[in-house]
Amino acid sequence: MKRSLNNKLMAAVFIVPSLFIFINVVLVPFVMGLIYSFTDWNGFKFAGSHFVGFTNYAQIFSDTKFMTAFGLTFKYAFFMIVFVNVIGLSLALLVTSKIKTKNFLRSVYFLPNLIGGLILGFIWKFVFTKFFVQVGDMVGSDSIFFDWLDHPTAAFWALVIVGTWQMAGYVMIIYIAAIQSISDEVLEAADIDGAGKWYRFRKIVFPLIMPAFTISLFLTLSGSFKQYDTNISLTGGGPYGSTELITMNIFNTAFNLNQYPLAQAKAIVFFLVILIVTVTQVVISKKREVEQ
């Protein structure tokens, strides 16, 4: 009885602080933001605010910049999901092979994930605007080596490249753990049966790492939708707002245009979309795991 009580007390010691932080940092602000989105709150004092119903939500769908940012964010998330997982899985397969430098390569590939998004954006901003231009002048070619951040299409791909470079190493670690959990006996049996590398990967390795694939898809998807720091430091939403993702649009609506309740309504809509998309992705991936 005493031991059971001690276990409960120890559990409370670990759970209560985390629960307190979650309630005050996540739950309470979310509820307050939901309330603000139905008012004409001025961003400072809630006293004197008036209930305006769904006015702010109706205004969202007439905001062309927001809808453009929404579409751009989905496009960005799609390419991030593809590139991050393909590259991350490829790196995981490489560093779990029998090459001698695999431990060194793991560190090198994971290193970009340790760099903050703001710093990462500034580093690559120098590369795309200064280094590329100088190389273009030296080799006499501006088909690739030009100021990427001064062209809308190239600036978008710059965002994708930097995001992929940062996150692929993190996803690689997840895939490494999954690959190393596969029994050697299974792989040896496949080799004895004469299975080629591609067949072994497609029929044995990939089905067995599906849980890791589900986790990686979820992390990549949610991280892509919430991208802000690299967006602001690398492109600043430019040129001419062509790379303004949805999080930056919400920030600009609140702190540049001072339309706080509208920004909060956008954030609520954004939250619901992320919730629906991520839950759908997890359900589909889990179903595929069962089928495998």
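The structure presented is a predicted model; accordingly, all values stated were derived computationally and were not measured.
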Let me see the working for Val273 and Ile246 under side-chain contact (heavy atoms from CB on, under 4.5 Å), right down to the final yes or no. CA-CA 12 Å; Val273 171; Ile246 192 168; over 6 Å; no

List the steps and the verdict of side-chain contact (heavy atoms from CB on, under 4.5 Å) for Phe30 and Phe271. CA-CA 10 Å; Phe30 178 81; Phe271 165 77; 3.7 Å; yes

Can you list the steps and then say if Ile35 with Phe46 is a side-chain contact (heavy atoms from CB on, under 4.5 Å)? CA-CA 10 Å; Ile35 295 172; Phe46 187 67; 3.9 Å; yes

Can Arg106 and Thr96 be said to form a side-chain contact (heavy atoms from CB on, under 4.5 Å), step by step? CA-CA 9 Å; Arg106 290 182 187 185; Thr96 52; 4.1 Å; yes

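Atom OG of Ser224 sits about 6.0 Å away from atom CE of Met167, to the nearest 0.5 Å. Residue Phe201 holds its CZ atom at 12.0 Å from CD1 of Ile204, rounded to the nearest 0.5 Å. Between Ile87 atom CD1 and Leu89 atom CG the span is 11.0 Å, to the nearest 0.5 Å. The distance from atom OG1 of Thr129 to atom CH2 of Trp148, rounded to the nearest 0.5 Å, is 13.0 Å. With values rounded to the nearest 0.5 angstrom, Phe78 atom CZ is found 13.0 Å from Thr220 atom OG1. From Leu27, atom CG reaches atom CE of Met32 across 12.0 Å, with rounding to the nearest 0.5 Å.
Close placement of the Phe70 and Phe74 rings is indicated, their centers lying within 6.0 Å of each other. You'll find the ring centres of Phe225 and Tyr76 outside the 6.0 Å limit. Taking the six-membered ring for Trp and the full ring otherwise, the centers of Phe145 and Phe131 sit at least 6.0 Å from each other. Ring pair Tyr260/Tyr36: centre-to-centre distance not below 6.0 Å.
Residues Ile115 and Ile119 meet the side-chain proximity criterion, which asks for heavy atoms closer than 4.5 Å. Under the 4.5 Å side-chain criterion, counting only non-hydrogen atoms from C-beta, Ser90 is in contact with Val86. Side-chain contact check for Leu120 versus Val162: some heavy-atom pair is nearer than 4.5 Å. Between His50 and Thr39 there is no side-chain heavy-atom pair separated by less than 4.5 Å. Phe66 places none of its side-chain heavy atoms less than 4.5 Å from the side chain of Thr253. Contact check for Phe146 versus Val133: no side-chain heavy atoms found under the 4.5 Å cut-off. By the 4.5 Å heavy-atom criterion applied to side chains, Ile209 and Phe213 are not counted as neighbours. Pro152 places a side-chain heavy atom less than 4.5 Å from the side chain of Pro239.
Within 6.0 Å of the CE atom in Met67, the count of heavy atoms belonging to other residues, nucleotides or ligands exceeds 12. Dense packing is recorded around OH of Tyr57, with more than 12 heavy atoms of other residues, nucleotides or ligands lying under 6.0 Å away. Atom CZ of Phe14 has 12 or fewer neighbouring heavy atoms from other residues, nucleotides or ligands inside a 6.0 Å radius. Remark: Glu185 CD is loosely packed, at most 12 non-hydrogen atoms of other residues, nucleotides or ligands lying under 6.0 Å away. Within 6.0 Å of atom CZ in Phe38, more than 12 heavy atoms from other residues, nucleotides or ligands are found, so the atom counts as buried in its surroundings.
Across all their heavy atoms, Phe132 and Phe128 have their closest contact at CB-O, 3.6 Å. Closest approach of Ile174 and Ser216 over heavy atoms only: CG2-OG, 3.7 Å. The nearest pair of heavy atoms linking Thr214 to Gln281 is O-NE2, 3.5 Å. Annotation for Ser233 and Gly121: closest pair OG-CA, 3.2 Å, computed over non-hydrogen atoms. For the residue pair Pro112 and Trp165, the shortest heavy atom distance occurs at CB-O, 3.4 Å. Closest heavy-atom contact between Met248 and Ile232: CE-CA, 3.3 Å.
Criterion: ILVMFWY side-chain heavy atoms under 4.5 Å apart, direct or through other members. Under it, Leu118 and Val127 are not part of a common hydrophobic cluster. Leu262 and Phe51 end up in the same hydrophobic cluster when Ile, Leu, Val, Met, Phe, Trp and Tyr side chains are linked at under 4.5 Å. Linking Ile, Leu, Val, Met, Phe, Trp and Tyr whenever their side-chain heavy atoms come within less than 4.5 Å puts Phe206 and Trp198 in one cluster. Follow the hydrophobic side-chain contacts under 4.5 Å out from Val269 and you never reach Val52; the two are in separate clusters. If you chain together hydrophobic residues whose side chains sit under 4.5 Å apart, Phe270 and Val31 never meet in one group.
Judged purely by distance below 3.5 Å, without hydrogens or angles, the side chains of Gln264 and Asn56 never pair a donor atom with an acceptor atom. The closest side-chain donor-acceptor pair between Asn249 and Lys266 falls under 3.5 angstrom. Judged purely by distance below 3.5 Å, without hydrogens or angles, the side chains of Lys226 and Thr247 never pair a donor atom with an acceptor atom. With no hydrogens or angles considered, a side-chain donor-acceptor pair links Asn231 and Thr235 at under 3.5 Å.
Note: Phe251 and Tyr228 have tilted aromatic rings, judged against thresholds of 30 and 60 degrees for the angle between ring planes.
Looking at Asn85, its side chain never comes within 3.5 Å of a backbone N or O of Gly88 through a donor-acceptor pair. Counting only distance, with no hydrogens or angles, the side chain of Asp40 and the backbone of Ser49 share no donor-acceptor pair below 3.5 Å. A distance-only check finds a donor-acceptor pair linking the side chain of Thr243 to the backbone of Gly238 [under 3.5 Å]. Side-chain N or O atoms of Gln59 include none that pairs as donor or acceptor with a backbone N or O of Ser62 at under 3.5 Å.
A salt bridge does not link Asp147 with Lys130: none of the charged nitrogens is closer than 4.0 Å to a carboxylate oxygen.
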